[in-house]
Amino acid sequence: SGAQHYRVELEVGDHHQTLVQGWTGATNTGSDTKAFAGVRSDPFFFDLLGFLGSVKGQGTRQLDDGKQSDFFTHLNTLAIVLEVPNWQLKGDGRNVGVWAETRFPNGRHADYVGRPAINTVFNASAADKTLFNRTAPFRQPTASGGLFRTNVINTLEAFSSLDSEGAYSASEAGTLAGILLPDEIRYDVGSTAAGPLNGRGLSDDVIDVELNIVTGGFPFAGRNATGAIPTDGVGPHSDYQAAFPYLGAPH
């Protein structure tokens with residue numbers, strides 16, 4: 001009838017424990033876990049066309065042209081939503097890294113992604129984007145002789161030069177590359193999420209933060225906290241829900 005069965009497993013070493021299982025399209029509950037998989041309203045908000053015009057030089061729209069438009073307002077997404085207690089987050093004590101992985105039917109890796117727009121912004125060529133998609137997060141900082149780290153540094157130095165304070169120094173760009181790679185959402189368990197550098201709430205304006213940082217707004221000593229492009233001019237959606245699964249009903 002169009003539904004698929006799935007299960008959520010907790011893996012610790014060679015031990016596998018099923019936490020919850022059920023069918024797509026409905027909330028499924030285990031002893032300490034809730035899970036939902038299915039179509040929901042896309043929570044992401046971003047003036048994509050303005051970004052492409054201002055930053056990528058593609059199209060006719062600009063971020064500051066007074067025609068701000070959230071590309072994702074009326075879109076749906078295939079969502080996986082998990083709610084688990086803190087003790088199930090197996091990090092290095094408090095800090096965890098979260099990412100999603102997609103595989104082809106033959107098991108080959110198709111994509112890894114954590115924070116939004118990392119691959120989009122920092123890897124210019126199609127070949128580099130494809131290679132990044134297939135590189136596990138823990139390998140990204142050093143993979144291919146440091147290719148991705150070099151791409152991040154070069155992009156930061158180029159875009160931060162738009163700031164009236166001038167470009168990041170090589171040392172500053174290197175420090176930021178160490179924060180932005182690997183492409184994971186890092187979270188200090190028990191703290192208040194503040195995306196995109198510590199967790200990520202659905203209404204966190206992660207694109208504003210990233211645009212600001214990339215264009216010179218990281219508050220290194222001697223720099224202010226305002227980059228050349230501090231905002232894309234659009235804000236959170238209005239259909240987030242207070243209760244699980246938190247994402248709005250599909251359009």
Side-chain angles (χ1 to χ4, degrees), residues 39-80 99-100 102 110-133 148 151-164 167-168 173 176-177 179-181 183 185 194-197 200-218 225-241 246-251:
V39 179
R40 303 298 290 183
S41 170
D42 195 327
F44 193 40
F45 49 99
F46 180 25
D47 184 0
L48 176 61
L49 300 182
F51 168 82
L52 292 175
S54 291
V55 179
K56 294 288 191 176
Q58 302 171 8
T60 59
R61 280 283 325 285
Q62 302 289 316
L63 286 173
D64 59 354
D65 61 5
K67 301 178 182 179
Q68 287 78 13
S69 176
D70 180 3
F71 184 84
F72 299 87
T73 298
H74 302 296
L75 299 184
N76 292 326
T77 188
L78 292 172
I80 299 173
W99 70 94
T102 305
D111 182 29
Y112 293 96
V113 64
R115 298 187 181 116
I118 297 298
N119 198 8
T120 304
V121 172
F122 294 109
N123 294 307
S125 74
D128 286 0
K129 290 182 187 298
T130 298
L131 182 61
F132 190 82
N133 278 337
F148 304 130
N151 287 350
V152 170
I153 290 173
N154 289 343
T155 302
L156 287 170
E157 290 178 343
F159 287 163
S160 64
S161 67
L162 301 172
D163 192 342
S164 60
Y168 290 128
L176 279 175
I179 295 173
L180 297 172
L181 291 177
D183 184 12
I185 296 180
L197 299 184
R200 177 184 175 184
L202 293 177
S203 62
D204 288 348
D205 205 328
V206 293
I207 290 296
D208 276 10
V209 175
E210 291 184 352
L211 280 172
N212 190 55
I213 289 174
V214 170
T215 60
F218 194 84
T226 303
I229 306 177
T231 180
D232 67 344
V234 300
H237 294 174
S238 60
D239 62 353
Y240 307 133
Q241 299 185 359
Y246 307 109
L247 305 180
H251 301 286

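Side chains are part of it too, since the values below use all heavy atoms of this structure and drop only hydrogens, waters and symmetry mates. One-based numbering along the sequence shown.
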Say you draw a straight line from [atom1] of [X] to [atom2] of [Y]; how long is it, rounded to the nearest 0.5 Å?
| X | Y | atom1 | atom2 | value |
| --- | --- | --- | --- | --- |
| L75 | T73 | CG | OG1 | 8.0 Å |
| K129 | I118 | NZ | CD1 | 11.0 Å |
| Q62 | L49 | CD | CG | 11.5 Å |
| F46 | T120 | CZ | OG1 | 8.0 Å |
| I229 | I207 | CD1 | CD1 | 12.0 Å |
| N154 | F122 | CG | CZ | 11.0 Å |

Can you tell me if [X] uses its side chain to pair, donor with acceptor, with the backbone of [Y] under 3.5 Å?
| X | Y | result |
| --- | --- | --- |
| R40 | G248 | yes |
| D232 | D47 | yes |
| Y168 | L176 | no |
| D204 | V206 | no |
| N76 | H251 | yes |
| Q68 | L63 | yes |
| D42 | T77 | no |

task: Would you please test V113 and D183 for side-chain contact (heavy atoms from CB on, under 4.5 Å) and show each step?
output: CA-CA 6 Å; V113 64; D183 184 12; 4.0 Å; yes
- request: Indicate whether any N or O donor in one side chain lies under 3.5 Å from an N or O acceptor in the other, for N133 and N119.
  value: yes
query: Between D163 and T215, is any side-chain donor less than 3.5 angstrom from a side-chain acceptor?
result: no
For [X], all residues meeting side-chain contact (heavy atoms from CB on, under 4.5 Å), sequence neighbours excluded:
| X | value |
| --- | --- |
| L202 | P43, Y240, Y246, L247 |
| S69 | R61 |
| S125 | A127, D128 |

- prompt: Does atom CZ of F72 have more than 12 heavy-atom neighbours from other groups under 6.0 Å away?
  reply: yes
- request: Could you tell me whether I80 atom CD1 has more than 12 heavy atoms of other residues or ligands within 6.0 Å of it?
  value: no
Heavy-atom pair of closest approach, residues [X] and [Y]:
| X | Y | result |
| --- | --- | --- |
| S160 | L156 | OG-O, 2.6 Å |
| E210 | P116 | OE1-O, 2.8 Å |
| D205 | G235 | OD2-CA, 4.3 Å |
| S41 | A249 | CB-O, 3.3 Å |
| T155 | N151 | OG1-O, 2.8 Å |
| G195 | V209 | O-CG2, 3.9 Å |

query: Is there side-chain contact between F71 and V234, with heavy atoms separated by less than 4.5 Å?
result: no
task: Measure up the F45 and H237 rings against each other and bin them: parallel (under 30°), tilted (30 to 60°), perpendicular (over 60°).
output: tilted
field: Verdict with reasoning, V121 to F159, per side-chain contact (heavy atoms from CB on, under 4.5 Å)
entry: CA-CA 10 Å; V121 172; F159 287 163; 4.1 Å; yes
